2 protein chains.
Amino acid sequence: MSRDDINSSKKATPQPDYQSLAELRYQIRRFLHFSEQAARQARIEPNQHQFLLALKGLPENMRPTIGILAGRLQIRPNSAVELVNRLSKAGFVKRRRDSDDGREVLLVLTAKGEAVLHELSLHHRAELQTAGPVLMAALQAVLKQARPKLNSGKT
Amino acid sequence: MSRDDINSSKKATPQPDYQSLAELRYQIRRFLHFSEQAARQARIEPNQHQFLLALKGLPENMRPTIGILAGRLQIRPNSAVELVNRLSKAGFVKRRRDSDDGREVLLVLTAKGEAVLHELSLHHRAELQTAGPVLMAALQAVLKQARPKLNSGKT
DNA sequence: TGATATATATCGTAGTACGATATATATATG
DNA sequence: CATATATATATCGTACTACGATATATATCA
């Protein structure tokens, strides 16, 4: 007993708002692109930079193992191994075969790795000063039209 | 007995908050990872999906040319050409050598492309229902500590 | 002890963005 | 109007890296 209008008071708008969705992805890409360039300027590969950040910024309750880091980077454990190979070859991290569990490998930042990460983090924080709000806006635009049910809105 | 405590009321915190920075990137990766898997489930390559979205969601004042799309995807124009090659081979887009400028190529979605994009967009919108707020929170956490100066500010 | 699970490592492969370069069309300039 | 130059796409070979499949080492359980 209801007509399917476009979008007015339905549960979830049937037609997605492509424009806001596209804008969100565009802004995300811009930020990621900035990040990659910043990394290369700092003489480190973007994915290696992300590894360093994931390592240093790991929540305290997590152990810095290959597997955990892989999860944080959303890559397969074997890919993480290869990444660590390149990282240690470049002198950014060290492997520490310690722990109770002899299978695990704990990753540790070297001074060099720490330095690059520090520099890059400051740069990123500065960039986010402007990019952040833009991202927020794009995200909110998507969420606004995505809202599943919302009648009696006041706006 | 040192005063380089955490951060309290400085201009811009000298030490970046690695944890919130890392968390932001983690959440971005989770969303992108979801997106990639969703695309593959829909039988399309993630980058091809992004192209379709960028095309359909292009602001009205922009013409859907290779160059413009390349900019929106943050890739080189020649990479965009190759992407379009794969897209048209797969039947998702068509080239339209029209326009006043004979050098340009205008991209057009096929019905097939439209269909996949529609499906994926709904899926993404649904995902963002939960992922969106998490991203927002992560972003805000970074911005909070990144705020450069905050005296006599208006919020 | 033996069986099985888990963590890391190795290796070959495939996919793709890139730089360098080529071609086509447009525009400027004499 | 002919030529020079700029711009938009296109082509081609290369390099990088994440991946699947598999191997090895250690842990855990029966």
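Computation of the quantities below employed the complete heavy-atom set of this structure, encompassing side-chain atoms and omitting hydrogens, waters and symmetry-equivalent molecules. A quick note: this is a predicted structure, and the numbers were derived from the prediction, not measured.
Proximity of the aromatic rings of H124(B) and F34(B) is defined here by a centroid distance below 6.0 angstrom, and this criterion is met.
Taking the six-membered ring where the residue is Trp, Y18(B) and H118(A) present tilted rings, their angle falling between 30° and 60°.
Residue K89(B) contributes atom NZ, which lies 13 Å from atom C1' of dT11(D) at whole-angstrom precision. For the pair R29(A) CZ and dA17(C) P, the computed distance is 12 Å after rounding to whole Å. For the pair N85(A) CG and dC11(C) C1', the computed distance is 12 Å after rounding to whole Å. Rounded to a whole Å, the CG atom of L106(A) is 13 Å from the P atom of dA7(C). Atom pair I68(B):CD1 and dA8(D):P shows a separation of 9 Å (rounding to whole Å applied). Here dA18(D) presents its C1' atom at 14 Å from CD of Q48(A), a figure rounded to the nearest Å. The CG atom of L87(B) sits 11 Å away from the P atom of dA17(C) (whole-angstrom rounding). Between I66(A) atom CD1 and dT10(C) atom C1' there is a gap of 13 Å when expressed in whole angstrom units.
Proximity note for R103(A) (side chain, C-beta onward) versus dC19(D), dA25(D), dT9(D): the nearest is dA25(D). Side-chain proximity of T65(B) to dC18(C), dA9(C), dT9(D): nearest is dT9(D). Between dC19(D), dA9(C), dA17(C), one nucleotide has an atom nearer to the side chain of R97(A) than all others, and that is dA9(C). When distances run from any side-chain atom of E82(B) to the nucleotides dT9(D), dT26(D), dT11(D), the shortest one goes to dT11(D). Closest to the P77(B) side chain, of the nucleotides dA17(C), dT9(D), dT17(D), is dT9(D). When distances are taken from the side chain of D101(B) to each of dT10(C), dT25(C), dC18(C), the shortest belongs to dT25(C). Among dT26(D), dT17(D), dG20(D), the nucleotide with an atom closest to any side-chain atom of R86(A) is dT17(D). Minimum atom distance to the side chain of N47(A) is reached by dT17(D), of the listed dC19(D), dC18(C), dT17(D).
Side-chain contact of Q37(B) with Q41(B): a donor-acceptor pair under 3.5 Å is absent, judged by distance alone.
Taking both residues in full, the closest heavy atoms of Y26(B) and R72(A) are given as CD1-O, 3.2 Å, listed atom of the first, atom of the second, then distance.
When side chains are defined from C-beta on, L107(A) does not count as touching R96(A), because their heavy atoms never get closer than 4.5 Å.
When heavy atoms are screened at a 4.0 angstrom cut-off, R63(B) is found touching no nucleic acid atom at all.
Two residues, G67(B) and R76(A), neighbour DNA chain D, and the one matched to the more 5' nucleotide by heavy-atom proximity is G67(B).
Residue S79(A) has no polar side-chain atom (N or O) positioned under 4.0 Å from OP1 or OP2 of dT17(D).
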